[in-house]
Structure formats: C-alpha cells, structure tokens
Amino acid sequence: MRLLWAVLWVVAVALSRAWAQAGPPDLAGSWAASRIQGLLERRVVDTDPDGLFRPESTLTRARFVRWLVAARGLPAVRPDRASYPDVSISSPEAVFVEAAARYGLLPEESRFRPQEPLRRAEAVDWVVRALGYAWEASWLAARTNAQPSRAPLLLAVRTEPPLLQEPWGDLRPDRFITRAEAASLLWAYLRAVEEGVRLRYEEELAPGLFLLAEKRGALRALPIWRVQVGAFANPDNAQRLAARMRSAGLVAFVDEVDGLYKVRVGSFATRQEAGELAQRLRVEGLPTWVLSTVRDLDRLPVPQWIVALRVDPRRFEVRPALARDRVPGRERTSDIARRAGAVAATNGGFFAPDGDPLGGLVVDGEWVSEPVPGRSCLGLGDGVGLVDALDWYGEVLTPAGALRLSGVNRRRRPGEVILFTPRYGDLTPADPSGVEVGVVGGIVREVRSGGSSPIPSDGFVLSSSGSAAPALEVLRPGDPVRVFLSLRPASGDPRWQKVRHVVCAGPRLVSGGVAGPSHEGFPEGFRDRRHPRTAVGVAADGSLLLVVVDGRWPEHSLGMTLSELARELVRLGAVDAVNLDGGGSATLVVGGAVLNRPSDEGGERPVSDALVVRPRGSSILPSRPAGRWAGTGRSPWPPPPGP
C-alpha cells in the first residue's frame with residue numbers, strides 16, 4: 001500500500017510539473033507571461049481551480065500574502081490565536097497571514113480584511129518590508145519631502161533594478177492591483193534578493209558639499225530575535241543577571257559590545273515572540289529592548305548601508321568639537337553640531353565611559369588630549385588634510401630644569417606629570433597625593449599638595465606624583481614655567497607642524513590610494529568582525545570624505561570589517577583614510593537630522609567629540625535641498641559598482 005501511494009505521489013508531482021511548464025492557456029499575450037510562468041514553476045503563485053491565471057483580474061489580500069510568504073521562504077505558522085479578529089485560525093489563509101504578521105511583512109492594523117481586493121500601495125508596501133527596505137523607504141521620503149504614505153512606491157521605482165518594472169503610468173496607488181502586476185512585483189523581489197539590488201541617492205547640499213547614501217543587497221537569511229534585559233560596565237553584574245534569567249528557565253547569555261556587558265535572553269524566530277517575552281519581563285521591572293541578529297553574520301556579504309559626505313575644504317571647514325566644550329563630557333553628535341552651528345557632523349575619536357577622549361585631540365591649536373603613540377590620526381589645517389601615525393613630545397621648563405610631560409587633561413598615574421588646561425573644567429581630579437602647580441601667564445601662582453586644584457581660566461595646572469613630584473615641589477610663586485608640546489608624525493611630514501586640528505583614533509585604513517588597514521595594537525575582533533563604522537578620508541583633490549556604515553541591524557545593514565571599510569573608502573575616492581570611533585557611536589548628521597541608524601538600543605549615543613562641518617564665507621545650505629538620483633546631473637562621486 002505504501003508503495004502504491006509513493007508511486008501515485010511521484011506521478012502527481014510529475015504531472016504537476018509538466019502542467020506548470022506548459023502554463024495556463026490565458027497567459028498568451030500577457031505582458032507578464034514569462035514572469036508569471038517562472039513563479040508558477042517555483043510554486044510561488046498559483047492558478048484558479050479551473051487552471052486559469054486571469055492576469056488582468058484582481059486578487060485578494062489573503063492570496064497575495066500566500067504568494068509573498070512563499071517568495072520570502074517563510075514557514076507557515078499555525079496560530080493558537082489569530083493576530084487579526086477577522087482571520088479565523090481554522091481558515092486556509094490563517095497560516096500564511098499569521099506568518100506574514102509575525103515576520104514583520106504586514107503593518108500593524110486592527111483588521112486584515114482577507115477577502116478584499118488588494119491595492120497597489122499595499123502590495124508594494126508589503127514587498128518593500130519583505131525586502132528589508134522599509135526604513136530606507138521612510139528615509140527616502142524624508143529626504144525628498146514626499147508623503148510618508150508614498151514612501152514604499154517611491155523606493156520601488158528608485159531601486160536598481162526597479163521593483164516596479166511595468167508601465168504603471170502615474171502609479172495610482174489606490175487602484176486595485178492586477179494579478180499580472182502582483183506577479184511581476186514578486187518576480188522583481190526575487191530577482192533583487194537573488195541577483196542583487198541597490199538604492200543610491202545623491203544630493204548636492206550646497207556648492208562644495210555633497211551627500212551620498214547607498215543601500216546594497218538584501219538579507220536572504222531569516223533573523224533571530226532576542227530580548228536585552230540589561231547592560232553593565234561590570235561583567236560580574238551581567239553574569240549575575242544572566243544566572244537569574246537561567247534560573248527562571250530562560251536561555252540567557254552575556255555579549256560584550258563596545259565595552260559594555262549586555263544580557264540577552266531567548267532565540268526567537270519572530271519579533272512578535274520576542275516582544276511577548278519583553279512585555280512579560282518589563283512587568284517584572286526589567287528594562288527591555290527587542291533586537292535581532294543573524295547566524296554567520298561575518299560570512300554574509302549584504303545588506304550594507306553607507307552614507308557619506310564629500311566636503312570641499314575651500315568652501316567648508318571641517319574641525320573637531322568637544323562635547324559640552326570640556327573634558328570629560330559626553331553629548332550626542334546632533335547636539336554638538338547644533339551648538340557649533342554646523343551644517344553636518346560625524347562622531348569623532350574613542351573615549352572612556354565618562355567622556356574622556358582616548359587618543360589625541362587638538363582644537364584650534366589647543367591640546368585637549370595627547371595621542372596614543374603609534375596610533376593614526378587626522379590632521380586638519382588651512383585647506384589640508386593629513387593622515388599619519390603620531391607620537392608626541394611634551395616638556396616643562398622650570399628654574400630647576402626640564403621635566404617630561406606624561407599626558408594632557410586626564411587622571412595621573414604614579415610617577416606622571418599631567419597638564420590640565422581650562423578645557424578640563426574648574427578643578428583637577430581629587431587626589432590626596434602628589435603636588436600641583438597653578439600657572440598664569442607663564443608664572444607660578446600657587447604650589448599645593450594633593451588634587452582638586454583650581455584651574456585658572458587664563459592658565460594651567462601641572463600635576464605630579466611619585467618620583468615626579470619633587471621636581472614640582474621645589475617651585476615657588478613667581479618662578480617662570482614654560483610648556484612645549486609637539487607632534488611627531490611617523491612619516492616626518494613637516495606639514496604636521498602647521499595643522500590646527502587633530503583627531504586621533506585608528507587604525508589607518510588607506511595609504512597612497514591602497515586599501516590595507518594597519519594593526520596598531522587593535523584586537524582581532526575589532527579589526528575582522530563586522531561592526532558599525534565611521535571613517536574619514538582624504539581624496540586626491542583634497543576633498544574630505546566623512547563616511548558612516550551602519551551595522552547590527554541585519555535587515556538594514558550588517559556592518560563592515562576594517563578591510564571592507566578600507567575598500568569602501570578607496571571606492572569613494574580616498575587616497576588616505578583613518579578609522580574613527582564606531583559601534584554605537586557611528587553617526588552622521590546633516591541639517592540637524594541623523595542620516596544613519598545608530599545601533600544602540602536607545603538610539604544616538606552621547607560621545608566625547610565630533611567632527612563638524614561649518615561653511616566658510618557665503619556657502620550656506622538651501623532651506624529645502626532637492627535630492628537627485630545617480631546618473632542625473634553632475635556628480636562628484638565615482639560611478640557605483642553593480643548591485
């Protein structure tokens with residue numbers, strides 16, 4: 001009996017395939033015949049019971065959802081309770097509607113209306129969601145001043161290749177979609193996923209200031225959803241919370257992300273399931289965030305979201321700006337830009353949790369923090385941008401002799417001499433040991449033991465301890481003191497002595513037009529794993545390239561390794577480039593708007609400093625800049641690669 005059933009099944013499959021290859025007789029003459037036929041052979045779409053497709057007829061919302069679920073490769077979901085009150089869990093369409101709802105292909109609505117005809121705008125919206133381009137559609141509508149309701153349609157005609165490839169005239173989004181149009185849309189979706197897709201946007205913000213945004217590819221794998229219940233600076237605290245979650249029967253683990261230890265729970269197929277757990281844990285008093293990841297993240301090539309500014313230094317000044325104009329301190333990049341009167345900004349260098357810059361920072365010739373020896377930095381002067389690995393030298397000259405400086409505006413360690421400037425605030429750090437000397441106008445004003453010394457607004461404080469303390473302890477009020485600071489570039493380039501601004505981070509990404517990140521002591525996980533990134537490059541014509549790559553949003557952007565980032569900088573025209581702080585810090589702001597998707601749970605991360613772009617002379621931003629698409633008008637960007 002089993003053998004008979006097996007034979008019948010094989011015969012049925014063979015007949016079905018033969019029929020599918022022949023195709024419904026009413027496809028002859030249809031503009032979408034080949035696309036419909038291909039989808040029939042792949043079992044994405046189906047015919048009516050009489051074997052006809054009826055390409056110019058409408059189709060129901062439920063039937064299109066069934067087609068879309070098949071195209072996306074989602075498993076059918078048999079619900080215990082329906083997401084929509086008008087979809088019975090016993091109905092044939094319930095498993096497909098539920099799958100589409102749980103996997104985020106449908107917008108939140110009170111009712112689904114399964115038997116109503118589907119409108120064009122709804123079909124495009126659902127396909128854009130399936131492609132993982134919903135955020136990009138909203139971004140695009142905002143940049144072009146389009147109505148949010150038209151965002152998916154706007155994106156669908158702008159992707160390369162376009163999702164809407166048939167002549168739809170003025171689009172007429174409220175018109176009911178035909179089956180041929182729906183099949184063509186799904187055919188274009190599958191082509192985009194399997195062969196590549198790109199959204200490329202260019203905008204001239206002002207003469208000498210160009211914006212490029214590009215999304216490449218779509219995620220083929222299904223993301224995994226988790227719930228984050230806490231983030232700690234102390235790993236022991238994170239492990240205790242994870243153990244508490246495990247004792248409650250939950251799968252819990254600790255991920256180290258950007259120096260924080262984050263407790264994450266669960267491994268769910270859908271956002272809805274993770275959201276239900278998040279709600280339950282929130283009731284128990286835990287802070288929760290729902291986030292996604294993907295297996296084999298570092299092996300997947302796409303998707304990637306890159307946003308970049310090309311700045312003509314003759315028309316615009318690029319310079320660092322401190323959070324709250326002091327150290328230590330933290331502030332969002334968008335807030336720093338607003339205070340600085342900047343038209344654009346990116347985040348700057350690395351920093352400690354309290355906002356103390358971890359690396360060199362010089363603003364208008366004023367040293368804020370000393371470089372980490374051997375790490376790469378960006379130097380900016382009048383019309384010049386330099387990238388090099390830096391060392392530095394600092395010396396204090398007193399009547400008792402010369403004394404080597406150990407650092408600038410940071411807590412001292414035993415045996416060190418630290419220079420504190422007014423940028424640090426009103427007082428030096430509290431420390432009962434050591435000796436501190438206040439200097440105004442090159443003359444010692446005060447010598448005192450311990451810390452918490454007032455920092456004169458027109459002077460500085462020298463702070464020492466251990467073996468270095470006696471050299472300052474012998475000074476008396478009225479003694480002359482001079483401080484000398486100098487940069488020492490690895491290349492020996494004399495132009496570094498004339499730069500006005502320095503931002504250090506590292507490593508170097510591009511040298512002489514060749515992509516090849518240096519190590520500079522950074523760990524392998526930082527270099528070779530995918531992360532959100534920020535970088536700055538110098539083009540052959542002297543233009544500056546400010547580049548941000550999003551990451552940790554699997555359907556939006558995976559992030560880049562440093563090698564991938566270096567190649568991206570070269571593709572954008574950089575001959576020299578350096579990596580800046582990335583991860584949750586990676587942010588690009590234009591006209592007060594954040595143009596990327598920061599990866600932190602709370603959105604834009606407060607940072608210690610930023611690179612701000614300010615106009616010189618009469619270069620100003622238009623009030624409502626109009627975007628344009630690749631291939632139209634004059635473009636300063638290199639032609640894009642294939643999608």
Side-chain angles (χ1 to χ4, degrees), residues 326-328 356-375 377 379 388-500 502 504:
R326 59 178 293 174
V327 290
D356 184 21
L358 299 178
L361 186 64
V362 179
V363 181
D364 258 336
E366 177 186 355
W367 284 56
V368 177
S369 180
E370 80 277 9
V372 176
R375 291 273 175 92
C377 304
D388 211 334
L390 292 187
D391 202 344
W392 71 287
Y393 183 78
E395 188 176 60
V396 180
L397 295 181
T398 75
L403 192 61
R404 177 72 184 267
L405 268 181
S406 308
V408 180
N409 289 330
R410 64 168 174 81
R411 289 185 175 273
R412 56 174 156 80
R413 294 182 285 267
E416 289 189 327
V417 179
I418 304 297
L419 171 69
F420 287 98
T421 73
R423 288 283 192 177
Y424 193 81
D426 297 328
L427 300 173
T428 63
D431 188 336
S433 65
V435 175
E436 296 192 334
V437 176
V439 179
V440 176
I443 301 298
V444 174
R445 173 180 289 180
E446 180 184 29
V447 180
R448 57 187 292 172
S449 299
S452 300
S453 297
I455 302 175
S457 60
D458 53 352
F460 56 86
V461 171
L462 295 169
S463 179
S464 65
S465 66
S467 58
L472 295 184
E473 196 171 25
V474 300
L475 295 178
R476 295 293 181 264
D479 285 344
V481 172
R482 296 289 184 271
V483 173
F484 296 93
L485 297 164
S486 64
L487 297 170
R488 296 184 171 182
S491 66
D493 190 335
R495 292 179 296 171
W496 275 95
Q497 305 311 317
K498 296 181 180 180
V499 301
R500 295 172 55 199
V502 176
C504 296

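Numbers here are sequence positions counted from 1.
- A heavy-atom distance below 4.5 Å is not found between the side chains of I443 and V440.
- Although no hydrogens or angles enter the test, the distance criterion places a donor-acceptor pair under 3.5 Å between the side chain of D388 and the main chain of S491.
- For P328, the side-chain contact (heavy atoms from CB on, under 4.5 Å) partners at least two apart in sequence or on another chain are D354, D356, Y424.
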N/O donor-acceptor pairs under 3.5 Å from side chains in residues 471-483, not counting sequence neighbours:
from	atom 1	to	atom 2	distance (Å)
R476	NH1	E473	O	3.0
D479	OD2	R476	N	2.8
R482	NH1	G442	O	3.1

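- Applying the side chain to side chain donor-acceptor pair (under 3.5 Å) criterion to T421, with sequence neighbours excluded, gives N409.
- Atom CG of L485 and atom CG of L419 lie 6.5 Å apart (nearest 0.5 Å).
- Counting heavy atoms from C-beta outward, P373 and D391 have side chains that approach closer than 4.5 Å.
- Applying the side chain to side chain donor-acceptor pair (under 3.5 Å) test to every pair with at least one member in residues 392-402, sequence neighbours left out, gives these pairs: Y393-E395.
- For the pair L361/V502, no side-chain contact is recorded, criterion being any heavy-atom separation below 4.5 Å from C-beta on.
- Here the closest non-hydrogen pair linking P371 and C504 is CB-SG, 4.2 Å.
- Considering only residues two or more places apart in sequence or on other chains, D431 meets the salt bridge (charged side-chain N to carboxylate O under 4.0 Å, His left out) condition with R412.
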### Task
Mind running side chain to side chain contact (heavy atoms under 4.5 Å, CB included) on S369 and V408 for me, showing each step along the way?
CA-CA 5 Å; S369 180; V408 180; 5.6 Å; no

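- Listed by chain and number, the residues in a side-chain contact (heavy atoms from CB on, under 4.5 Å) with T428 are F420, E436, S453, I455, V461 (sequence neighbours excluded).
- Between the side chain of S463 and the backbone N or O of I418 there is no donor-acceptor pair closer than 3.5 Å.
- Annotation: side chain to side chain donor-acceptor pair (under 3.5 Å) contacts involving residues 438-447, sequence neighbours excluded, are absent.
- Shown here are the side-chain contact (heavy atoms from CB on, under 4.5 Å) partners of S449, two or more places apart in sequence or in another chain: there are none.
- Under the rule for a salt bridge (charged side-chain N to carboxylate O under 4.0 Å, His left out), the partners of D364 that lie at least two apart in sequence or sit in another chain are R319, R500.
- When the side chain to side chain donor-acceptor pair (under 3.5 Å) test is applied to S486, no partner is found at least two apart in sequence or on another chain.
- Identified under the salt bridge (Lys or Arg N to Asp or Glu O under 4.0 Å) test for residues 418-430, with sequence neighbours left out: E366-R423.
- Side chains of L487 and W367 form a contact here, defined as non-hydrogen atoms less than 4.5 Å apart.
- Counting only heavy atoms from C-beta outward, the side chains of L390 and W496 approach each other to under 4.5 Å.
- By the side-chain contact (heavy atoms from CB on, under 4.5 Å) test, R413 is found to be paired with R410, E416, residues two or more places apart in sequence or in another chain being considered.
- Proximity of V396 to L462: side-chain heavy atoms (C-beta onward) are separated by under 4.5 Å at one or more points.
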